[in-house]
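Here's the structure, in structure tokens; my notes come after.
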Amino acid sequence: MSLRLLAVSGSLRAASSNSRAIEALARLAPAGVEVEIYRGIGELPFFNLDLDGETPPAAVRHWRERVGAHDGLIICSPEYAHGVAGAMKNALDWLVPSLEFPEKPVALVNASPGARFAQAHMRETLTVMSARMVDEACLAIPLQGRNLTVEQMVADPEVAGLLGAVIAALARAIDSDAEAGAG
Ligand SMILES: Cc1cc2nc3c(=O)[nH]c(=O)nc-3n(C[C@H](O)[C@H](O)[C@H](O)COP(=O)(O)O)c2cc1C
């Protein structure tokens with residue numbers, strides 16, 4: 001059975017380096033690992049518990065459903081003003097009251113290694129949300145300022161190696177959790 005990973009970029013910019021990194025990561029997935037890219041976080045309304053009634057907004061239902069349908073989540077998000085990008089934080093807030101998220105294995109990819117605050121904030125948020133943080137899959141990838149295309153990332157041995165290592169570490173953690181659960 002193949003492993004299913006959901007990858008999401010926290011940047012809404014068309015020429016986003018975080019989104020390109022996610023694209024490159026998806027292309028580097030080995031046989032047996034399927035990476036779906038979630039492109040809908042810009043469609044989510046601002047988090048408001050009043051909207052989370054019997055029938056939450058369609059965009060929210062879709063986001064939760066895709067998270068629930070995957071074995072693990074990969075997040076690659078920029079830092080803005082020493083904080084988590086608002087669109088990404090909003091998407092995470094919508095998962096707080098959801099049934100789909102707790103214990104979900106999560107990898108955090110940092111495409112701007114100089115950005116230290118947002119990664120720590122996001123880790124704190126994900127931890128309190130009961131994510132299963134996979135530390136070995138949380139890697140910094142030196143992309144900032146290089147403006148690499150997706151193809152260049154895939155062809156760059158260092159970048160491709162790090163993106164491949166994220167997938168491999170997340171896959172290993174999910175497999176070992178499954179073995180522990182079965183045993
Ligand atoms: C309004 C704004 C605030 C930013 N604040 C920070 C910051 O606090 N720390 C940092 O490392 N980079 C900061 N940056 C740089 C972005 O994180 C960087 O440009 C990143 O590549 C954007 O991601 P993207 O290419 O995926 O859109 C900021 C950029 C903007 C536009």
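Numbering of ligands and ligand atoms starts at 1, following listing order. Atom set for the values below is all heavy atoms of this structure, side chains included, hydrogens, waters and symmetry mates excluded. Because the structure is a prediction, the values reported are computed rather than measured.
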Glu43: which residues meet the salt bridge (Lys or Arg N to Asp or Glu O under 4.0 Å) condition with it, sequence neighbours left out?
none

Do Phe47 and Pro97 touch side chain to side chain, with heavy atoms closer than 4.5 Å?
yes

Is it true that Arg39 and Glu23 make a salt bridge, defined as a side-chain N closer than 4.0 Å to a carboxylate O?
yes

I'd like to know if Arg27 and Glu151 make a salt bridge, using a cut-off of under 4.0 Å between side-chain N and carboxylate O.
yes

What residues form a ring-ring contact (aromatic ring centres under 6.0 Å, His included) with His62, not counting sequence neighbours?
Tyr38

Taking only heavy atoms of the protein into account, state which residues are under 4.0 angstrom from an atom of ligand 1, in chain and number order.
Ser11, Arg13, Ser16, Ser17, Asn18, Pro78, Glu79, Tyr80, Ala81, His82, Ala115, Gln144

Contact list for residues 124-138, test salt bridge (Lys or Arg N to Asp or Glu O under 4.0 Å), sequence neighbours left out
Arg123-Asp135, Arg132-Asp177

